[in-house]
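Whatever order the structure lists ligands and atoms in, that order sets their numbers, starting from 1.
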Amino acid sequence: MVADAGLTGQVAVVTGGARAIGRAIAETLAGRGATVVSIDLSPSDATVAAIEATGGSALSIEGDVTDETGVAAAFEQVLERFGRLDVLVNNAGLFAGIERRPFWEIDLAEWNRVLDVNVRSVFLCSRAASGPMRDAGRGRIVNIASNVTTFGMANLLHYVASKSAVVGITRSMARELGPSGIAVNAVAPGLVTTEITEQTVPEQYRRLVAEGQCLQQPILPADIAEAVTYLASPEARMVTGQTLLVNGGATMGPA
Ligand SMILES: NC(=O)c1ccc[n+]([C@@H]2O[C@H](COP(=O)([O-])OP(=O)(O)OC[C@H]3O[C@@H](n4cnc5c(N)ncnc54)[C@H](O)[C@@H]3O)[C@@H](O)[C@H]2O)c1
């Protein structure tokens with residue numbers, strides 16, 4: 001049963017919707033009435049099943065969002081199937097699996113891999129989505145950044161660079177697409193508890209991060225999904241070019 005129909009009739013593409021934050025975003029958008037398409041390297045069958053179980057509509061497309069031809073084909077498939085595209089959430093990204101090391105030990109292949117998945121994908125998917133959105137004179141793009149851009153995390157230079165690029169892309173795209181009625185914003189999470197971060201980030205470190213937040217509870221995928229859904233909703237009509245930190249107030253600076 002769809003609880004809140006604010007996005008009824010709209011079509012939303014979520015990249016990386018097969019699990020964790022992307023899955024929560026897909027399910028929350030569907031809960032507000034959107035038909036959701038997840039483009040992910042892995043099948044998004046569990047996401048689709050969860051959405052359909054609550055009366056929603058969803059589609060899984062298996063694809064690599066760094067691949068130009070594949071991205072174009074995926075967006076063509078969305079338009080052929082549903083005839084419209086209202087919301088794009090650029091969520092797919094590399095984070096928890098990245099090994100932390102001093103930047104002088106990062107080899108070029110690793111640098112390229114992180115930048116490709118975290119930045120090139122945002123360019124390719126936004127470019128593909130911008131055509132139908134400009135034709136319609138409306139649309140919403142929400143990019144998933146990270147709060148690391150505000151404090152510059154050590155030993156993760158490629159990741160920090162990639163998410164800083166996402167913040168800049170958000171502002172520039174907001175300027176270019178605003179005249180066509182399209183809003184572009186970002187959500188910058190703190191450390192989010194997911195099935196992957198639970199495996200890859202030591203519990204002691206996760207506790208330390210939570211203690212550094214004003215709100216000292218763990219941040220959950222649903223917290224990010226609610227912020228994304230607000231930015232995708234009609235209520236955020238005049239919000240664009242912004243990066244909304246969802247990090248429990250971790251980065252306000254010293255008291
Ligand atoms: N988890 C956190 O603490 C955290 C914090 C800040 C920002 N983020 C950002 O949030 C987003 C989601 O993070 P997560 O923790 O849910 O990640 P995750 O690794 O758990 O899930 C990412 C999903 O994206 C998919 N994906 C990866 N590369 C892809 C590609 N090339 N093409 C298509 N799909 C691809 C994966 O298959 C997976 O389903 C990322 O952009 C990440 O950088 C996460």
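Within the structure, ring pair (Phe, Tyr, Trp, His ring centres under 6.0 Å) pairs that include any residue of residues 199-237 do not occur (at least two apart or interchain).
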Exercise answer, ligand 1 polar atom pairs (N/O) under 3.5 angstrom:
from     : atom 1 : to   : atom 2 : distance (Å)
ligand 1 : 3 (O)  : V192 : N      : 2.7
ligand 1 : 16 (O) : I21  : N      : 3.0
ligand 1 : 19 (O) : R19  : NH2    : 2.7
ligand 1 : 20 (O) : R19  : NE     : 3.0
ligand 1 : 21 (O) : R19  : NE     : 3.3
ligand 1 : 31 (N) : D64  : OD1    : 2.9
ligand 1 : 32 (N) : V65  : N      : 3.0
ligand 1 : 34 (N) : L41  : N      : 3.2
ligand 1 : 37 (O) : D40  : OD1    : 2.6
ligand 1 : 39 (O) : D40  : OD1    : 3.4
ligand 1 : 39 (O) : D40  : OD2    : 2.6
ligand 1 : 41 (O) : N91  : O      : 2.7
ligand 1 : 41 (O) : K163 : NZ     : 2.9
ligand 1 : 43 (O) : Y159 : OH     : 3.0
ligand 1 : 43 (O) : K163 : NZ     : 3.2

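In this structure, H158 and W111 have parallel ring planes: the angle between them is below the 30° cut-off, well short of the 60° mark.
Side-chain atoms of N91 never come within 3.5 Å of backbone atoms of I144 as a donor-acceptor pair (strictly under, hydrogens ignored).
Of the charged side-chain nitrogens involved, at least one lies within less than 4.0 Å of a carboxylate oxygen, so that E27 and R23 count as a salt-bridged pair. A salt bridge is absent between E176 and R134; no separation between the charged side-chain nitrogens and carboxylate oxygens falls under 4.0 Å.
Between the side chains of N143 and T170, at least one donor N or O sits under 3.5 Å from an acceptor N or O.
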